[in-house]
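One-based numbering along the sequence shown.
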Amino acid sequence: MIRERILVIGASGQIGVELTLALRKIYGNNNVIASDLREENDLLKGTGPYVSIDVMNKEMLHVQVIRQNITQIYLLAAILSATGEKNPNLAWHLNMQGLLNVLDIAREEKIYKVYWPSSIAVFGPTSPKQNCPQQTIIEPSTVYGISKYAGEFWCNYYYQRYHVDVRSIRYPGLISYKSAPGGGTTDYAVEIYHEALEEKKYTCFLREDTYLPMMYMPDAIRATIELMEAPVANISVRTSYNVSAMSFSPKEISAAIKNYIPEFNISYEPDYRQSIADSWPQSIDDTVARNDWGWQPEYDLNKMTKDMLENLRQQ
Ligand code: NAD
Ligand code: SER
């Protein structure tokens, strides 16, 4: 049996912290190496090894992969949609070159499995708005979406041509209480809980009727691990899987919060992120993920709201 040695790149980010902790529970603390450009996240400190890695520095990355006897890589380092629109060149450069560096090293070192997330941002204004299917018209209008769509095809290429077992999920907007989100359009759905508890009011940068696909972090972590643990024969999609959990608008999340904090008030000041949100589907069809590897979400808006508020209060 292979002793897994897992490298998580971008481990100090919103997903990276929780994914690293979850992988450490499964594979053992010392077998999951957290890495990031920025300093180690406080929640990771003392839970396992941490190395400083810039995914753009291919040589340094390659040395670490060999030195640490890595068998699987989870690549989470990226620039997200809102930050990407402010600096399109940087977003394209990091999101593409970072992925190509990892795929090349995986091919050369015969890395057993690679995980790389895509996003609902691959879909654009011409994709279906409701229950957007796995395969449909895909014409992204943000640099982030373009980089994710190109990345999906690089993953497919490395699988078909070099047999690198790369697996991917098109995450919806992710909501979590442990680590802060990093520059996405769906970040309002995290900020709103913090502000509801601290200020009892929130000014939202999206319109009240902006529906977007969303998912609570425990579901996202479980989806990621279930996909990575699925038998190879079950993986029919080598670009990236649609997964879905819930869809809501700022007005609806605000109503859910009011059930617990009746004095909470929301106001709206849409900014440049509105047009990004408007270009994405409102809900996602994930039938293929359900059929291939048994995907099922656990959290809806109300269950998530209860859990978020309880955990944030404790913090
Ligand atoms: P994040 O911004 O919170 O974390 C990314 C991490 O990557 C940061 O800690 C950052 O310091 C690190 N990083 C940046 N440049 C680096 C470099 N050159 N070398 C090494 N590390 C570097 O992002 P996240 O929300 O955790 O997203 C992780 C992945 O999931 C990304 O690919 C993102 O596109 C995807 N995704 C996230 C969401 C979401 O809602 N969070 C939704 C869809 C897809
Ligand atoms: N949550 C991400 C963003 O808003 C979607 O990939 O950028």
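A donor-acceptor pair under 3.5 Å is absent between the side-chain atoms of Asp307 and the main chain of Lys303, judged by distance alone. With hydrogens and angles ignored, the 3.5 Å screen pairs a side-chain donor or acceptor of Arg5 with a backbone N or O of Gln68. Under a 3.5 Å cut-off, the side chain of Glu85 and the backbone N or O of Val143 do form a donor-acceptor pair. At least one donor-acceptor pair closer than 3.5 Å links the side chain of Tyr50 to the backbone N or O of Asp36. Between the side chain of Asp219 and the backbone N or O of Met215 there is no donor-acceptor pair closer than 3.5 Å. In terms of modelled atom types and a separation under 3.5 Å, the side chain of Ser127 and the main chain of Ile137 share a donor-acceptor contact. Panel note: side chain Trp280, backbone Pro172; no donor-acceptor pair is recorded below 3.5 Å. Side chain of Asn242 to backbone of Cys132: a donor-acceptor contact under 3.5 angstrom is found. In this structure, Asn101 contributes its side chain and Asn57 its backbone to no donor-acceptor pair below 3.5 Å. Panel note: side chain Gln134, backbone Ser240; a donor-acceptor pair is recorded below 3.5 Å.
Between the CE atom of Met304 and the CG atom of Leu309 there is a distance of 9.5 Å, given to the nearest 0.5 Å. Summarising the geometry, atom OH belonging to Tyr149 is positioned 8.5 Å from atom CZ belonging to Phe123; distances are rounded to the nearest 0.5 Å. To the nearest 0.5 Å, atoms CE (Met60) and CZ (Arg67) are separated by 10.5 Å.
Environment of CD in Gln315: crowded, with over 12 heavy atoms of neighbouring residues, nucleotides or ligands closer than 6.0 Å. Residue Lys25 places its NZ atom among 12 or fewer non-hydrogen atoms of other residues, nucleotides or ligands, all under 6.0 Å distant. For Lys201, the NZ atom sits in a loose shell: 12 or fewer heavy atoms of surrounding residues, nucleotides or ligands are nearer than 6.0 Å. Around the CD atom of Glu263, the shell of radius 6.0 Å holds more than 12 heavy atoms that belong to other residues, nucleotides or ligands.
Using modelled atom types, one finds no donor on one side chain facing an acceptor on the other under 3.5 Å when comparing Ser118 with Ser168. If you check the side chains of Glu109 and His62, you find a donor sitting under 3.5 Å from an acceptor. Residues Arg24 and Thr47 bring a donor and an acceptor atom of their side chains to less than 3.5 Å of each other. For the residue pair Gln274 / Thr210, a side-chain donor-acceptor distance below 3.5 Å is found, with atom types taken as modelled. Side chain to side chain, Asn41 and Ser12 fail the donor-acceptor criterion of an N or O pair below 3.5 Å. Between the side chains of Thr203 and Glu269, no donor-acceptor pair is found at a separation under 3.5 Å.
Here the side chains of Met228 and Ile225 are not in contact, with every heavy-atom distance at 4.5 Å or above. Side-chain contact between Tyr144 and Thr83 is absent, with no heavy atoms from C-beta onward closer than 4.5 Å. In this structure, Lys86 and Tyr272 have side chains that are in contact, with non-hydrogen atoms separated by less than 4.5 Å. Counting only heavy atoms from C-beta outward, the side chains of Ile6 and Ile33 never approach each other to under 4.5 Å. Under the 4.5 Å side-chain criterion, counting only non-hydrogen atoms from C-beta, Val65 is in contact with Ile111. Between Tyr171 and Ile15 there is a side-chain heavy-atom pair separated by less than 4.5 Å. Using a 4.5 Å heavy-atom cutoff, the side chains of Asn131 and Ile284 are not in contact.
The aromatic ring centroids of Trp293 and Tyr241 lie less than 6.0 Å from each other.
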Step by step, would you call Ser247 with Ser283 a side-chain hydrogen bond (donor to acceptor under 3.5 Å, both in side chains)? CA-CA 6 Å; Ser247 168; Ser283 61; 5.4 Å; no
Under the criterion ring pair (Phe, Tyr, Trp, His ring centres under 6.0 Å), I'd like the reasoning laid out for Phe153 against Tyr157: C-alpha separation, chi angles, the key distance, then a yes or no. CA-CA 6 Å; Phe153 281 89; Tyr157 184 86; over 10 Å; no
Start with the C-alpha distance between Asn156 and Glu152, add both sets of side-chain angles, then the distance that settles side-chain hydrogen bond (donor to acceptor under 3.5 Å, both in side chains), and finish with yes or no. CA-CA 6 Å; Asn156 185 53; Glu152 289 188 5; over 6 Å; no
Apply side-chain hydrogen bond (donor to acceptor under 3.5 Å, both in side chains) to the pair Ser179 and Gln14, showing each step before the final yes or no. CA-CA 5 Å; Ser179 47; Gln14 189 193 8; over 6 Å; no
Would Asp292 and Ser236 satisfy side-chain hydrogen bond (donor to acceptor under 3.5 Å, both in side chains), going step by step from the backbone distance to the final call? CA-CA 7 Å; Asp292 280 8; Ser236 70; 2.4 Å; yes
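Tracing side-chain contacts under 4.5 Å through hydrophobic residues (I, L, V, M, F, W, Y), one reaches Val51 starting from Ile73; they form part of the same cluster. Connection of Met214 to Ile276 is established within a shared hydrophobic cluster, with ILVMFWY side chains joined at heavy-atom distances below 4.5 Å, either directly or through further cluster members. Linking Ile, Leu, Val, Met, Phe, Trp and Tyr whenever their side-chain heavy atoms come within less than 4.5 Å puts Ile221 and Leu23 in one cluster.
Here Arg207 pairs with Asp278 in a salt bridge; the nearest charged N to carboxylate O distance falls below 4.0 Å. Here Lys306 pairs with Glu310 in a salt bridge; the nearest charged N to carboxylate O distance falls below 4.0 Å. Salt bridge annotation for Asp42-Lys45: present, with a cationic side-chain nitrogen under 4.0 angstrom from a carboxylate oxygen. Between Arg238 and Asp165, at least one side-chain N (NZ, or NE/NH1/NH2) sits under 4.0 Å from a carboxylate O, which counts as a salt bridge. With salt bridges taken as basic N to acidic carboxylate O contacts below 4.0 Å, one links Asp104 and Lys58.
Stacking of Arg167 on the aromatic ring of Tyr115 is not recorded, the 6.0 Å distance cut-off and the 45° axial limit not both being met. Both tests hold for Arg107 against Tyr162: distance to the six-membered ring centre under 6.0 Å, angle to the ring axis within 45°.
Here the closest heavy-atom approach between residue Tyr188 and residue Pro250 is recorded as OH-N, 3.4 Å.
Ring planes of Tyr216 and Tyr177: tilted class, angle from 30 to 60°.
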